[in-house]
Amino acid sequence: IASDVKGVYSGRPEDEDSELLEKVSTGELRQMISGNEDAGGHALIDSTAVNIIERSEIHSRLMKASPENLKSPEGNGTLITTDS
């Protein structure tokens, strides 16, 4: 999933104390985005996408959209794993 941030952070990406997470489960991600579904909002990922990732049991990666990352995604961004 190409985004304007490097991946999933422990808090707001612009906060100094937020850390880029190497891996996050769909359950953890669902908790992180809970309550952030307002129209016009800028959520990192919507709950429908999380549901599809979980239902399909597809491990995914959220990363900053750049030619370098899109050519070689291993190790870049945050791996999203399924809970099952």
Side-chain angles (χ1 to χ4, degrees):
I1 302 169
S3 178
D4 61 346
V5 293
K6 290 183 179 181
V8 179
Y9 285 81
S10 60
R12 305 188 96 177
E14 60 273 6
D15 292 347
E16 272 186 40
D17 58 341
S18 290
E19 296 180 19
L20 178 64
L21 302 175
E22 217 174 284
K23 182 168 79 169
V24 67
S25 71
T26 51
E28 293 168 321
L29 189 55
R30 188 173 284 111
Q31 286 180 337
M32 294 169 102
I33 65 170
S34 175
N36 195 13
E37 301 270 337
D38 296 333
H42 298 283
L44 181 62
I45 186 171
D46 62 45
S47 59
T48 301
V50 176
N51 290 339
I52 292 169
I53 292 168
E54 189 170 54
R55 181 183 66 232
S56 303
E57 296 185 7
I58 299 171
H59 290 184
S60 303
R61 190 171 292 277
L62 192 136
M63 69 183 87
K64 186 164 183 75
S66 72
E68 298 81 22
N69 284 343
L70 297 175
K71 289 179 186 174
S72 178
E74 295 82 18
N76 294 321
T78 301
L79 177 64
I80 303 170
T81 62
T82 61
D83 289 333
S84 26

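Heavy atoms only: backbone and side chains are in, while hydrogens, waters and symmetry mates are out. Computed from a predicted structure; not experimentally measured.
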Contact check, side chains of [X] and [Y], non-hydrogen atoms, under 4.5 Å:
X	Y	result
Ile53	Ile45	yes
Asn51	Arg30	yes
Ile80	Thr26	yes

Between Leu29 and Leu79, is there shared hydrophobic-cluster membership here, with clusters defined by ILVMFWY side-chain heavy atoms closer than 4.5 Å?
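No, Leu29 and Leu79 fall in different hydrophobic clusters.
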Grouping I, L, V, M, F, W and Y whenever their side-chain heavy atoms are under 4.5 Å apart, do Val24 and Leu62 come out in a common cluster?
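Cluster IDs for Val24 and Leu62 match.
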Which pair of non-hydrogen atoms, one from [X] and one from [Y], has the smallest distance, and what is that distance?
X	Y	value
Arg61	Gly77	NH1-O, 4.0 Å
Thr78	Val8	OG1-N, 2.8 Å
Val5	Pro13	CG1-CG, 4.0 Å
Glu57	Thr82	CA-CG2, 3.4 Å

Distance, nearest 0.5 Å, that separates CD of Glu54 from OG of Ser47:
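Between atom CD of Glu54 and atom OG of Ser47 there are 11.5 Å.
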Rounded at 0.5 Å granularity, tell me how far OG in Ser10 sits from CG in Asp15.
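Rounded to the nearest 0.5 Å, the OG-CG separation comes to 8.5 Å.
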Quick check against the 3.5 Å criterion: does Ser18 have a side-chain atom that pairs as donor or acceptor with the backbone of Arg12?
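Between the backbone of Arg12 and the side chain of Ser18 there is a qualifying donor-acceptor contact (under 3.5 Å).
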Exam field: side chain Lys64 to backbone Asp4, donor-acceptor pair closer than 3.5 Å:
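Between the backbone of Asp4 and the side chain of Lys64 there is a qualifying donor-acceptor contact (under 3.5 Å).
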Over 12 foreign heavy atoms within 6.0 Å of CD, Glu14
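Buried by this count: over 12 neighbours within 6.0 Å.
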